[in-house]
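First up is the structure itself, then whatever we jot down about it.
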Amino acid sequence: MSTLVLAEHDNATLKPATLNAVAAAQALGADVDILVAGEGCSPAAEAAASVAGVGKVLCADNAVYGHQLAENVSLLVADLGAGYDNVVAPATTSGKNIMPRVAALLDVGQISDIISVESADTFKRPIYAGNVIATVQSMDAKKVITVRTTAFDAVAAEGGSASVEAVDAVHDAGISSFVGEEMAVSDRPELTSASIVISGGRGMQNGENFAMLESVADKLGAAVGASRAAVDAGFVPNDMQVGQTGKIVAPDLYIAVGISGAIQHLAGMKDSKVIVAINKDEDAPIFQVADYGLVADLFNAVPELDASL
Amino acid sequence: MPLTCVIDVGMIPGRYTYLPINSPLICGESMKVLVAVKRVVDYNVKVRAKADGSDVDLNNVKMAINPFCEIAVEEAVRLKEAGTATEVVAVSIGDKACQEQIRTALALGADRGIQVETEGGVEPLVVAKLLKGVIEKEQPQLVILGKQSIDGDNNQTGQMLGALTNMAQGTFASEVAIDGDKVNVTREVDGGLQTVSLNLPAIVTTDLRLNEPRYASLPNIMKAKKKPLDVHTPADLGVEVKAHLTTLKVEPPAERQAGSMVESVEQLADKLKDEAKVIS
């Protein structure tokens, strides 16, 4: 039995999501190898080699994998994955983009967004925006799996001493190319890896008012998120959305400001260790999941919180 | 996509001259867009697991077109309104009831519909295989799907279809721009936006910000009833409907216990520092 984990990385560094995916892979009970596919990605491969409990690291370093184009990377993963029992990736936008292609190339189903490993072929995963948890059993000999990273504690990034093997296979589908990217430039931590997240909802009334949350975030070293309602209303961009169809977060502290607590938002943050809700509506469902609730007008409470820090 | 000028010229009997008799004359590109739509529980319905854990309880719940599929239909219709697309075909896979969602797509502006008739739900890989069969018949230049359906939350079908047809994919799209024989797709990725250029024919899956779907007007709903809707079977498309996953059990998620209410911001800050120890 063996499992291949597709690493999430930016060529220079290994992303933390990889460590959660390795944890899920280890729960399958098989030997775990990591594939780092990219361009100039040997630093990331070296980092993968020191992850605890990894057998070996496959490093496919070629321009065709440089921007993680799904058309090319999926051909590589399917090619290498043919020799493994399981192929696993974190359910990041990159993993979600690539892995279903891999599954189709291997003619197997994919088990998306698993939150627990019950046995080598049985998993739990949320459906209906997290309203229901399904226990599913794969009938395919080979499993292609994406992992909800917040549901698995990361393995140690250090302590391993796996060998790094170069993979020479070059798969260029030749049907897509990278044009450019606009990454949000921020000194704040990334939403999905921040230890504190402060999010605003429709109650924020407009995008400018998010400056209040940013001020608090800067004092706490927090990331700023938003509910789908705030994104739909055009207050803030979609990449800030926390929820079932947005980002799934599980920080040590989650502060929900002016968020009513729609189920699809709760699905994205309810695994946070401590949840604080500030809302003027005392009947808001968010209070049912909050460890600390404050019924107050956010336009008074947030500046006051800011001043107290 | 060929950049040829298609002109049908026929001879009118009795006249000694050639006149174009087929209209419209399409000079430049003729682009067919295929849109996949799924019938799902309305997004306002709070779905619950049945007490015996066998399935979710879908008795008497309101059904609707999957929100991401609605965005896909809207995008296709806008491409047609902009003169970029020439025909929009809406396809759905399911039992007869899914014709309702095809009619919704037709009311929103799709030109004709295709149902692939299956009994009950089918898994994403099978859906992708069936859609591949439809693509072979229809030869669209662009296929637009929702990024995921709000029932299974799988987020697989578009990508699987890409692999099966060897088409490029622009998933989680927030902008779609046709550029000659390519399409530029701006994608919502972790940390920002990525733009990729895809050879046509290509696959696009929609994210929330791509557009805001219109409401169907009553006259358009009436007109939609008269638009053509063909029915195929998986056998017509040469696809075997097979299960890859068995659902053993469904259950409600673990309930989180509500904590305590605080009276003031000061009390909140103290609790976070001293009791929860999450800020210093």
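Labels below follow one simple rule: chain letters A, B, ... track the order of the sequence lines, proteins then strands, and each chain is numbered from 1.
- Proximity of Leu309(A) to Ile279(B): side-chain heavy atoms (C-beta onward) are separated by under 4.5 Å at one or more points.
- Of the residues listed (Val276(A), Ile255(A), Val274(A)), the one engaging Val278(B) in a side-chain contact (heavy atoms from CB on, under 4.5 Å) is Val274(A), and it is the only one.
- Only the side chain of Leu268(B) comes within contact range of chain A, judged by heavy atoms closer than 4.5 Å.
- The minimum heavy-atom distance between Thr247(B) and Ala134(A), with the atom names listed, is CG2-CB, 4.4 Å.
- Both the backbone and the side chain of Asn166(B) come within less than 4.5 Å of a heavy atom in chain A.
- A side-chain donor-acceptor contact under 3.5 Å links Arg101(A) and Gln169(B).
- From Phe123(A), atom CZ reaches atom CG of Leu245(B) across 9.0 Å, with rounding to the nearest 0.5 Å.
- For Glu71(A), the part sitting under 4.5 Å from any heavy atom of chain B is the side chain, from C-beta outward, and nothing else.
- One N or O on the side chain of Arg125(A) and one on the backbone of Gly152(B) form a donor-acceptor pair closer than 3.5 Å.
- At a cut-off of 3.5 Å, with distance as the only test, a side-chain donor of Asn97(A) or Thr171(B) sits close to an acceptor on the other residue.
- Smallest separation of non-hydrogen atoms from Lys273(B) and Ser308(A): NZ-O, 3.7 Å.
- The shortest distance between side-chain heavy atoms of Thr246(B) and Val136(A) does not fall below 4.5 Å.
- For a residue to count as touching a neighbouring chain, one of its non-hydrogen atoms must lie under 4.5 Å from one of that chain's; by this rule Thr122(A) touches chain B with the side chain only.
- There is no contact between Leu191(A) and chain B, counting heavy-atom distances below 4.5 Å.
- Interface remark: Asp232(A) contributes side-chain atoms only to the contact with chain B (heavy atom separation under 4.5 Å).
- For a residue to count as touching a neighbouring chain, one of its non-hydrogen atoms must lie under 4.5 Å from one of that chain's; by this rule Ala276(B) touches chain A with backbone and side chain alike.
- The most heavy-atom pairs under 4.5 Å with chain B, out of Arg228(A), Met99(A), Gln241(A), Glu282(A), come from Arg228(A).
- A heavy-atom distance below 4.5 Å is not found between the side chains of Ser74(A) and Gln159(B).
- Heavy atoms of other residues, nucleotides or ligands lying less than 6.0 angstrom from CZ of Phe299(A) number more than 12.
- Heavy atoms of Leu161(B) lying under 4.5 Å from chain A are absent altogether.
- Between the side chain of Arg256(B) and the main chain of Ala290(A), no donor-acceptor pair closer than 3.5 Å is present.
- Minimum heavy-atom separation, Val132(A) to Val47(B): CG2-O, 4.0 Å.
- Proximity to chain B is limited to the side chain of Lys124(A), based on heavy atoms less than 4.5 angstrom apart.
- Tyr292(A) places a side-chain heavy atom less than 4.5 Å from the side chain of Glu275(B).
- Minimum heavy-atom separation, Ile127(A) to Asp151(B): CB-O, 3.5 Å.
- Within the 4.5 Å cutoff, the side chain of Asn155(B) has no heavy atoms near those of the Thr146(A) side chain.
- Most heavy-atom pairs under 4.5 Å with chain A, from the set Glu266(B), Lys147(B), Gln148(B): that is Lys147(B).
- Judged by distance alone, with hydrogens and angles left aside, the side-chain atoms of Asn131(A) form no donor-acceptor pair with the main-chain N or O of Arg48(B) at under 3.5 Å.
- Heavy-atom pairs under 4.5 Å with chain B were tallied for Ala78(A), Ala296(A), Ser272(A); the largest tally goes to Ser272(A).
- Contacts between Ile275(A) and chain B at a heavy-atom distance below 4.5 Å involve backbone atoms as well as side-chain atoms.
- Asp190(B) places a side-chain N or O within donor-acceptor distance of the main-chain N or O of Thr93(A), the cut-off being under 3.5 Å.
- Contacts of Leu69(A) with chain B are made by side-chain atoms alone, with heavy-atom separations under 4.5 Å and no backbone atom involved.
- Across Ile175(A) and Met167(B), no two heavy atoms sit closer than the pair CD1-C, 3.5 Å.
- Looking at Phe172(B) and Lys96(A), their side chains come closer than 4.5 Å, going by heavy atoms from C-beta outward.
- The shortest side-chain heavy-atom distance between Val189(B) and Met183(A) falls under the 4.5 Å cut-off.
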Go through Asp252(A) and Lys277(B) one step at a time and tell me if the salt bridge (charged side-chain N to carboxylate O under 4.0 Å, His left out) criterion holds. CA-CA 10 Å; Asp252(A) 295 335; Lys277(B) 296 185 169 49; over 6 Å; no

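- Under 3.5 Å, the side chains of Gln156(B) and Ser112(A) contain a donor-acceptor pair of N or O atoms.
- At a threshold of 4.0 Å, the pair Glu181(A)-Arg187(B) does not count as salt-bridged, since none of the basic side-chain nitrogens sits closer than that to a carboxylate oxygen.
- Between Glu304(A) and Val265(B) the shortest heavy-atom distance is OE2-CB, 3.5 Å.
- Interatomic distance, Leu305(A) CG to Ser264(B) OG, rounded to the nearest 0.5 Å: 11.0 Å.
- For Pro124(B), no part lies under 4.5 angstrom from a heavy atom of chain A.
- Looking at Asp291(A) and Lys271(B), their side chains never come closer than 4.5 Å, going by heavy atoms from C-beta outward.
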